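Everything on this sheet refers to the single structure shown next.
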Amino acid sequence: MLIRKNPNGIDLPFPSEITPREVYEGRRAFLAKVAASAVVGSSLWEMATREAFAQGTVQKLPATRNPAFSTNEKQTSFDDATHYNNFYEFGTDKADPAANAHTLRTRPWTVQIEGEVKKPQTIDLDRLVKLAPLEERIYRLRCVEGWSMVIPWVGYSLSSLIRQVEPTSNAKYIEFTSLADRSQMPGVKSRVLEWPYVEGLRMDEAMHPLTLLTVGMYGQVLPNQNGAPVRIVVPWKYGFKSAKSIVKIRFLRDQPRTAWNGIAPDEYGFYSNVNPNVDHPRWSQGTERRIGEGGLFTPKRKTLLFNGYNEVASLYTGMDLKKFY
Ligand SMILES: Nc1nc2c(c(=O)[nH]1)N[C@H]1C(S)=C(S)[C@@H](COP(=O)(O)O)O[C@H]1N2
Ligand SMILES: [Mo]
């Protein structure tokens with residue numbers, strides 16, 4: 001099943017509404033529940049997922065745009081954003097995740113919270129999604145390979161979750177672990193990376209309001225190939241820092257070993273802030289190609305320090321960004 005844009009083709013009058021297939025196929029009980037969910041926003045997520053994930057319908061998950069955290073740049077098309085992906089658990093070609101990720105089972109789904117934290121727990125996705133109001137944020141995402149996209153994500157600041165689980169004063173880093181299940185993820189058989197995929201941030205980076213716990217994009221539930229049902233998006237860092245399909249979040253005293261940094265530390269730093277002045281050993285990071293923009297002869301765009309998110313600069317005051325790349 002490839003997820004395509006709005007095959008349902010109808011819109012209900014509520015801005016915060018969802019339109020699963022059941023609605024207009026006439027299941028009355030379901031319709032009644034949907035009507036209720038327009039008022040009780042908290043049940044929106046369950047409506048959007050439990051009832052119809054299994055049927056492969058596109059599930060709307062609208063959220064109010066946060067303009068303070070959104071670029072006005074032209075959005076990448078949904079088709080490009082869902083058919084040009086890095087998600088090595090489903091293969092290394094850009095088209096592989098779209099072709100293969102239908103086997104990912106995104107429900108039921110839990111996220112384990114562990115380590116240096118006062119309230120370790122296993123959070124069910126339905127609860128996770130309700131811990132803070134969902135927002136739409138249009139972020140640039142810059143892949144370390146030299147391409148970029150502009151994507152309207154849906155989620156909330158990771159800091160909202162972190163505050164509720166209360167890290168101890170020893171927690172200096174946070175680690176994200178992606179699902180690694182061979183029965184669902186054909187790429188996990190390959191040895192291109194260490195599995196599970198692990199990423200991490202320093203605690204102050206994780207607490208920065210830009211760091212987004214993400215459950216949707218383009219006003220709908222995350223497509224599998226984009227890291228369903230929950231991922232992280234860290235827009236000032238190279239895309240590989242934004243781990244997909246997260247099953248565990250661990251709070252740590254020490255910097256974790258992460259997937260890319262672990263296998264190729266000279267090429268992929270732990271920090272991996274977007275930085276046009278620090279080249280990858282095998283290619284320049286000075287420019288980027290915006291996916292969907294023009295053809296072969298379209299000039300590339302200049303890559304910006306911190307991907308243009310200058311508000312994070314104070315996190316790195318006094319740090320040599322050439323050393324801590
Ligand atoms: N678990 C996991 N997360 C991952 C990856 C991956 O291979 N596995 N690829 C990363 C890379 S390199 C990029 S550029 C982004 C791509 O996100 P997108 O496909 O939603 O644009 O996901 C990141 N998160
Ligand atoms: Mo990437």
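Owing to the predicted nature of the structure, the values given are computational and were not obtained by experimental measurement. All ligand and atom numbering here is 1-based and tracks the order in the structure.
Take E267 and apply the side-chain hydrogen bond (donor to acceptor under 3.5 Å, both in side chains) test, not counting sequence neighbours, and it matches H280, R282. Qualifying side-chain contact (heavy atoms from CB on, under 4.5 Å) partners for S160, counting only residues two or more places apart in sequence or in other chains: A132, Y156, S157.
Looking at heavy atoms from C-beta onward, K74 lies out of side-chain contact with E293 at the 4.5 angstrom threshold.
Counting only N and O atoms by type, the side chains of K94 and N86 include a donor and acceptor under 3.5 Å apart. In this model, a donor atom of one side chain and an acceptor atom of the other lie less than 3.5 Å apart for E205 and Y316.
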Determine all donor-acceptor pairs shorter than 3.5 Å in which one atom belongs to a side chain in residues 302-309; sequence neighbours excluded.
from: T303; atom 1: OG1; to: R142; atom 2: NE; distance (Å): 3.2
from: T303; atom 1: OG1; to: R142; atom 2: NH2; distance (Å): 3.1
from: T303; atom 1: OG1; to: T287; atom 2: O; distance (Å): 3.4
from: T303; atom 1: OG1; to: E288; atom 2: OE1; distance (Å): 2.6
from: N307; atom 1: ND2; to: R140; atom 2: O; distance (Å): 3.3
from: N307; atom 1: ND2; to: P235; atom 2: O; distance (Å): 2.8
from: Y309; atom 1: OH; to: R140; atom 2: N; distance (Å): 2.9

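Around ligand 1, the residues contributing at least one heavy atom under 4.0 Å from the ligand are N85, N86, F87, Y88, E89, L141, C143, W147, W153, S178, Y197, N226, R231, G239, F240, S242, A243, K244.
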